[in-house]
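Below: one structure, written as structure tokens.
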Amino acid sequence: GILKFVEITVNLLVLICVGAAQASVAGFTSLGGFGTGSFSLNSAYSPFEGTELQEVRELDMQFTQMRAPCVYGGVAFSLTAAVLTLVFLVVGAKPIQRLRMGLLAGECAFNLLAGAAYIAAVGLYLHFVSQVNSTEVCKRRERLYARRGYTSMNCVVQGGDAAVGLFG
């Protein structure tokens, strides 16, 4: 049971890190990267104006859309793994001598498959993040933000993405 709670917690940490990674690189012109680009800091302080602001909006939207498969895939995968782990926790909440051998074998197979799937999923996630970060959209976006002193909007794997890999 304790191991199952740890598995569920780690799946939720992956879920949180996927969302946080997206929100941290979304830029000024989108609401955590999940909006349509309609949110803007024009009502507060915005370092961009005029055509530069429009260009940043377009680049932020393109970048967010390019990273969307990573986000949605990470969310779907971690939620599915957490729910299946929760199912095994609930179904297996009996004394060990009362559990059927088939359930234990199924749980063992699930854990082996989930471990292998997580290794593959983390590899794919980091591969796709690296691909998006190597695009011209990301590089143009990085240069625009760097001109205004914002060096956190760069084209390297961010801490949130590394945390997804670590917890995964």
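The analysis underlying the following values was restricted to heavy atoms, covering all of them including side chains, and did not include hydrogens, waters or symmetry mates. Because the structure is a prediction, the values reported are computed rather than measured.
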Between [X] and [Y], which heavy-atom pair has the shortest distance, and what is it?
X	Y	value
K4	F88	CE-CB, 4.3 Å
F110	A81	CZ-O, 4.2 Å
A21	G160	CB-C, 3.7 Å

Pair E142 + K139, salt bridge at N-O below 4.0 Å: no
In Å, rounded to the nearest 0.5 Å, how long is the span from [atom1] of [X] to [atom2] of [Y]?
X	Y	atom1	atom2	result
R67	N133	CZ	CG	6.5 Å
L59	R143	CG	CZ	9.5 Å
L103	C108	CG	SG	11.5 Å
C70	D161	SG	CG	8.0 Å
Q62	T135	CD	OG1	9.0 Å
M153	L144	CE	CG	12.0 Å

Do the side chains of [Y] and [X] get nearer than 4.5 Å, heavy atoms only?
X	Y	answer
F128	P69	no
V122	F167	no
Q65	V132	no
L15	V75	yes
N111	E7	yes
F77	V18	no

Let me check something: do [X] and [Y] share a hydrophobic cluster, defined by ILVMFWY side-chain heavy atoms less than 4.5 Å apart, either directly or through other members?
X	Y	result
V83	Y118	no
I16	V164	no
V6	V14	yes
L113	V10	no
I119	Y125	no

Short side-chain donor-acceptor distance under 3.5 Å, Y145 and N154: no
side-chain contact (heavy atoms from CB on, under 4.5 Å) partners of Q97, counting only residues at least two apart: P95
